[in-house]
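Structure, as structure tokens:
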Amino acid sequence: MEEKYYPQTVEEKWQRIWEDNKSFRAVTDRSREKYYVLEMFPYPSGRIHMGHVRNYSIGDVVARYKRMRGFNVIHPMGWDAFGLPAENAAIERNIHPEAWTRENILYMKTQLKRMGLSYDWDREVATCEPDYYRWNQWIFLKFYERGLAYKKSSFVNWCPSCLTVLANEQVIEGACWRCDTEVAQKELEQWFFRITEYADELLNDLDKLNGWPDKVLTMQRNWIGKSIGAEIEFPIEGRQDSLRIFTTRQDTVYGVTFMSLAVEHPLALELSRDTAQEPAVRAFIERIKKVSTARRGEETGEKEGVFTGSYCRNPFTGERAPIYLANFVLMEYGTGAVMAVPAHDQRDFEFAKKYGLPICLVIQPEDRPLSAEDLTEAYVDDGVMVNSGPFTGLKNAEGKEKVAAYLEEKDWGKKDIRYRLRDWGVSRQRYWGTPIPIIYCDRCGIVAVPEKDLPVLLPRDVPFTGKGGSPLAESRDFVVTTCPKCGGAARRETDTMDTFVDSSWYFLRYTAPKFDSKPFDPKEAAYWMPVDQYIGGVEHAVLHLLYARFFTKALRDLGLTNVDEPFSNLLTQGMVSKETYRCEEHDWLFPNELAGSEAEGWRCPKCGRPAIKGRVEKMSKSKKNIVDPEELIAQYGADTARLFTLFAAPPEKDLEWNAQGVEGAFRFLTRLWRFVMQNSEPLAKAGKVPDDLASDLRDLNRLVHRTIKKVTEDIESRFHFNTAIAAVMELLNAVMAAAQKEAPDGRIAVVKDALITIVTLLYPFVPHAASELWEGLGQKQPLNEVRWPSFSTEALEQEKLLIVVQIDGKVRGKITVAADATGEAIERLAIEDPKVKAFLAGKRIQKIIQVPRRLVSIVLEK
RNA sequence: GCCCGGAUGGUGGAAUUGGUAGACACACGGGACUUAAAAUCCCGAGGCCCCGGAAGGGGCCGUGCCGGUUCGAGUCCGGCUCCGGGCACCA
């Protein structure tokens with residue numbers, strides 16, 4: 001063992017040992033209890049960043065800790081390898097996406113290995129491999145068979161310059177992210193997954209997820225957005241059909257004064273045909289349709305509309321209501337038509353005011369009278385129904401039920417539940433993704449690729465221009481095929497799947513990564529699933545985590561797994577941030593490097609002003625506040641990088657980068673190292689811990705056990721690694737203080753004992769240094785095979801207790817009592833304490849409250 | 001607008017069920033070692049005030065703000081302020 005702490009040497013050594021011994025291979029063993037710990041797999045963008053370091057350090061602590069607790073741990077890693085950046089690299093730098101991706105995977109894998117993460121690399125998967133994506137296709141076909149995958153026409157964001165569909169995330173302020181052209185709405189045929197079929201289960205099962213943060217549960221609840229209400233039919237004057245609307249406020253149906261339709265509503269134009277309103281309606285539809293749904297009325301919130309010239313009849317009142325088109329009504333939600341109750345809906349109120357439509361009050365608050373004329377805004381709260389025919393006088397909550405029942409009885413409509421959640425559009429006009437296994441035949445129509453023909457391989461010979469729609473359409477060899485049904489000429493679907501499909505089931509693939517007759521082996525999944533601890537960024541709170549839950553349920557219904565929920569516990573780690581440096585005057589950002597070398601010396605190229613400290617922001621290239629983990633590891637080693645990120649903040653909080661903090665972490669490891677080294681000879685000779693110890697050594701021994709308890713609880717129940725590490729630091733401080741005293745009384749044996757504990761407790765956090773020190777302390781069995789230490793309640797027993805004495809709630813004294821002192825004895829000691837006595841002089845005690853082992857509280861008479 | 005978080009020293013953060021607020025660390029100040037520096041080690045430290053020559057001792061205030069419950073509140077309750085995040089015309 002080296003005198004000095006050279007992390008690089010130590011880390012290389014142990015990484016090789018672990019690799020050679022396949023120390024972290026997970027082997028199915030039904031006699032043992034499994035533990036599945038998983039971090040969200042990375043996109044192979046090129047290099048790992050500090051967010052990865054944090055994510056994987058957290059996961060590795062859990063994995064190593066659980067192994068020491070005797071669990072059969074599976075801790076896999078892989079690559080979310082399909083995606084747009086690879087295609088952009090192809091367009092910009094003329095590298096094939098596949099080559100670019102493979103290079104990145106190789107590089108990042110060596111980076112991850114250098115962090116000493118305890119992965120079972122034998123289970124590695126990359127979603128861009130045919131062995132993986134063929135199962136995306138297989139699942140797609142199963143979904144298609146069951147009606148869970150279907151094709152429909154829908155409105156999408158369309159860039160008229162790039163001639164491609166854009167995801168919502170790729171629309172920046174209404175314009176294309178690549179060419180800045182204004183994005184239009186276009187109706188396209190797209191493949192969808194019917195996630196809405198699972199809406200109710202996805203919502204209800206959130207209650208089972210006790211190990212998830214409330215924040216994420218709430219976000220998913222809101223995203224699914226269940227609304228309970230009714231569908232009502234309003235007959236249209238002069239026509240056979242009627243207008244179907246959805247409402248959650250059927251209790252206000254007597255207050256309807258008009259109707260509103262989305263411009264996309266099938267009847268929008270038709271209702272104005274041959275009326276004076278037709279030109280106005282036509283113009284309005286055209287104008288509003290141009291604006292993407294997301295942006296309508298964004299700036300002003302201004303309600304706009306136009307009268308269609310038609311009326312419908314309220315079945316409850318028999319009154320006629322004019323039908324309007326309105327810019328705020330969405331075609332995607334409900335039926336694209338709403339009943340307007342201006343008195344009790346703010347949007348309808350504003351609309352009615354603008355167009356001079358009547359306002360009819362049908363809910364009265366119970367504490368004050370309202371009249372329609374006095375309203376300055378809609379009254380949306382609960383109250384009593386008025387002007388509501390047979391329902392007048394009911395509380396509106398009760399009215400909701402009664403009105404719904406009544407309209408079913410009269411056959412005017414039905415009770416209904418709607419969700420905000422939409423079906424998942426999975427078609428992408430991109431190259432670097434899974435080809436959708438569908439063939440179009442002029443005679444047979446849409447034909448699924450037969451299972452035996454999978455995988456549909458992604459062709460390599462495709463030009464990357466960045467223009468035009470699906471790149472796959474450019475590959476003749478790919479497109480031209482024969483129909484599996486009739487053998488006639490046919491063409492392949494040229495869209496690929498959303499990459500979120502890949503990540504929706506990868507955790508199942510890890511359980512049997514080489515299995516070749518199904519996406520995964522149900523027997524293996526039955527043992528390893530569900531994931532016991534999932535760790536990743538909160539940015540996936542809705543999308544990925546919702547899709548993965550949906551897939552798990554759908555695959556369960558295909559008989560492949562018996563779990564309802566994939567992730568029992570979820571930890572969403574905070575982001576890694578760092579201060580930025582900027583020019584005060586111009587919007588100029590300065591780069592600032594590792595080790596806090598401040599951005600001093602940088603001057604603004606526009607005005608020459610020196611850099612000043614800006615806001616603390618999430619690390620990003622554009623903010624120029626990146627710290628490259630590779631440099632960090634090269635300088636301090638992986639253990640320091642891990643220790644710093646784990647110590648600086650609890651995992652769920654944001655972590656602010658602090659170069660001095662890194663130094664501090666490194667210093668702690670060096671201090672421990674040096675202490676063990678400098679005392680190697682006496683430590684080697686240390687004998688057994690003698691039975692009778694000096695009092696300070698008994699204290700040290702007690703602290704050892706207290707630390708084991710604290711670290712165990714901090715890891716186990718809260719993932720509060722920062723306090724766990726702090727406790728170990730405290731123990732080291734105490735050990736070093738105890739070792740300073742000279743005495744041949746078995747001191748060194750106690751010190752050695754404590755050091756062994758320290759090193760064991762540190763192993764999950766800093767595995768390389770801990771393993772080396774463990775060896776240095778003469779321990780033979782490899783540390784990664786050692787059991788987690790246990791504490792004895794007996795050793796925790798204190799001989800003396802410090803009791804705080806309060807008078808009227810203020811601390812006035814502290815007394816030390818024997819651990820077995822009686823309440824009366826403690827009370828007597830408290831009152832006799834000189835300081836306390838001084839405060840009691842001339843006062844009378846009203847009562848005394850004792851908290852066992854903690855405090856005595858004396859209350860004086862007033 | 002709605003829904004979630006959060007606010008504690010110069011800084012990151014501790015205080016797990018209401019019981020000594022500020023653990024641990026960073027930064028800082030002082031000292032030791034050194035020709036010197038770095039490194040290392042030791043000591044100090046929430047604020048204000050008082051007693052004492054000093055070592056030391058003591059008091060009051062203090063966890064975003066206002067109020068409440070309690071012998072006792074960072075922690076519980078009511079009402080705000082500010083910050084962060086998510087959703088946002090969802091009928």
Side-chain angles (χ1 to χ4, degrees), chain A residues 213-223 225-227 229 245-250 252 260 262 293-294 296-298 301-303 326-330 332-341 344-348 350-351 418-422 538-539 541-542 574-575 596 644 647-650 652-665 667-668 670-671 674 710 713-714 717-718 720 722-733 736 740 802-814 835 838 846-860:
Chain A
D214 287 343
K215 184 185 174 182
V216 175
L217 296 176
T218 310
M219 281 168 76
Q220 292 217 356
R221 251 177 223 120
N222 292 342
W223 188 266
K226 185 178 186 175
S227 296
I245 63 100
F246 174 72
T247 182
T248 56
R249 291 301 303 273
Q250 61 271 18
T252 64
S260 312
T293 328
R296 278 179 201 169
E298 196 176 68
E302 181 79 22
K303 307 287 176 284
N327 64 342
F328 60 87
V329 180
L330 305 170
E332 310 91 85
Y333 188 76
T335 61
V338 296
M339 64 179 210
V341 186
H344 306 294
D345 181 283
Q346 187 57 26
R347 291 157 300 181
D348 297 342
E350 286 169 32
F351 196 88
R418 297 276 174 163
Y419 297 91
R420 211 192 71 115
L421 183 71
R422 312 281 151 77
V538 74
E539 64 272 19
V542 174
M575 64 191 190
F644 165 72
F647 179 62
E652 70 278 7
K653 275 199 154 194
D654 286 350
L655 169 74
E656 194 187 328
W657 173 261
N658 177 351
Q660 281 89 22
V662 178
E663 287 278 356
R667 212 148 50 207
F668 167 71
T670 310
R671 212 154 70 94
R674 206 170 35 229
K710 165 96 178 137
E713 286 170 358
D714 279 353
S717 64
R718 310 192 301 160
H720 277 201
N722 56 332
T723 50
I725 293 165
V728 179
M729 287 174 167
E730 270 182 88
L731 180 57
L732 179 63
N733 290 343
M736 289 175 76
Q740 276 187 347
L802 183 72
I803 304 279
V804 169
V805 185
Q806 292 186 347
I807 297 172
D808 286 337
K810 295 199 168 179
V811 178
R812 295 302 185 192
K814 290 161 196 177
K835 275 197 202 160
Q846 192 195 335
K847 62 174 168 175
I848 296 180
I849 298 155
Q850 276 206 41
V851 179
R853 305 172 69 84
R854 275 186 184 276
L855 98 169
V856 177
S857 184
I858 301 168
V859 186
L860 298 178

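Just so we're clear, the structure is a prediction, and the values are computed from it rather than from any experiment.
Counting non-hydrogen atoms under 4.0 angstrom, A:Lys810 reaches the backbone sugars and phosphates but no base. Heavy atoms of A:Arg674 sit under 4.0 angstrom from primed sugar atoms or phosphate atoms, though from no base atom. Base contact: A:Arg420 has a heavy atom under 4.0 Å from a base atom. As judged by a 4.0 angstrom heavy-atom cut-off over every strand, A:Gly225 is placed among residues making no nucleic acid contact. Using a 4.0 Å heavy-atom criterion, one finds that A:Leu802 contacts the bases of the nucleic acid, with or without backbone contacts as well. Using a 4.0 Å heavy-atom criterion, one finds that A:Asn733 contacts the sugar-phosphate atoms exclusively. As judged by a 4.0 angstrom heavy-atom cut-off over every strand, A:Glu730 is placed among residues touching the sugar-phosphate backbone only. Contact annotation for A:Pro650: backbone-only contact, meaning every heavy-atom pair under 4.0 Å involves sugar-phosphate atoms and none involves a base. Backbone-only engagement by A:Thr248 is indicated by non-hydrogen atom pairs under 4.0 Å involving sugar-phosphate atoms exclusively. Among the protein residues, A:Asn722 comes within range of the sugar-phosphate backbone only, with heavy atoms under 4.0 Å from sugar or phosphate atoms but none that close to a base.
In this structure, CZ on A:Arg812 lies 11.0 Å from CD1 on A:Ile858, to the nearest 0.5 angstrom.
The CZ-C1' distance, from A:Phe351 to B:rC89, rounds to 13 Å in whole Å. Spacing between atom CG of A:Asp654 and atom P of B:rG84 amounts to 12 Å, rounded to whole angstrom units. In this structure, A:Leu855 atom CG and B:rG19 atom C1' are separated by 5 Å, rounded to whole Å. Rounded to an integer number of Å, the gap from OH of A:Tyr333 to P of B:rA91 is 4 Å.
Within the 4.5 Å cutoff, the side chain of A:Val859 has heavy atoms near those of the A:Lys847 side chain. No side-chain heavy atom of A:Phe644 sits under 4.5 Å from any side-chain heavy atom of A:Glu663. Side chains of A:Val538 and A:Lys215 form a contact here, defined as non-hydrogen atoms less than 4.5 Å apart.
For B:rA25, the paired base is B:rU11 (Watson-Crick or G-U wobble, both distances below 3.5 Å). The partner of B:rC89 is absent, by the rule that a Watson-Crick or G-U pair needs both atom distances under 3.5 Å.
Taking every side-chain heavy atom of A:Val804 into account, B:rU20 is the closest of B:rC26, B:rG12, B:rU20. In this structure, the nucleotide among B:rU40, B:rC71, B:rA23 sitting nearest to the side chain of A:Ala726 is B:rA23. Comparing B:rA21, B:rG86, B:rA25 against the side chain of A:Met219 picks out B:rG86 as the nearest.
With both ends at atom P, the span from B:rG84 to B:rG31 equals 43 Å, rounded to whole Å. Using C1' as the reference atom, B:rU69 and B:rU75 are 14 Å apart when rounded to the nearest Å. Separation of the C1' atoms belonging to B:rC42 and B:rG46 is 23 Å when rounded to the nearest angstrom. Separating the C1' atom of B:rC41 from that of B:rU34 is a span of 13 Å, rounded to the nearest Å. Annotation: B:rA37 and B:rA32 have their C1' atoms spaced 15 Å apart (nearest Å). Only the P atoms considered, B:rC77 is 16 Å distant from B:rU70, to the nearest whole Å. Taking atom C1' on both nucleotides, B:rA25 is separated from B:rC65 by 31 Å, rounded to a whole Å. Rounded to a whole angstrom, the distance from the P atom of B:rC24 to that of B:rC43 is 12 Å.
Nearest-nucleotide mapping onto RNA chain B: of A:Met736 and A:Met729, the residue sitting toward the 5' end is A:Met729. Projected onto RNA chain B by closest heavy-atom contact, A:Gly661 and A:Thr723 fall at different nucleotides, the more 5' of which corresponds to A:Thr723.
Contact between A:Met339 and A:Asp348 at its shortest, heavy atoms only, is O-OD2, 3.8 Å. Smallest separation of non-hydrogen atoms from A:Asp808 and A:Leu860: OD1-N, 3.1 Å. Closest heavy-atom contact between A:Ala262 and A:Val329: CB-O, 3.3 Å.
The base of B:rC90 sits with one of its N or O atoms less than 3.5 Å from a complementary donor or acceptor on the side chain of A:Arg422. Counting atom types as modelled, A:Gln346 pairs no side-chain N or O with a base atom of B:rG1 as donor and acceptor under 3.5 Å. In the interface, the side chain of A:Lys710 is paired with the base of B:rU16 through a donor and an acceptor atom under 3.5 Å apart.
Contact annotation: A:Arg667 side-chain N/O to B:rC41 OP1/OP2 distance is not under 4.0 Å.
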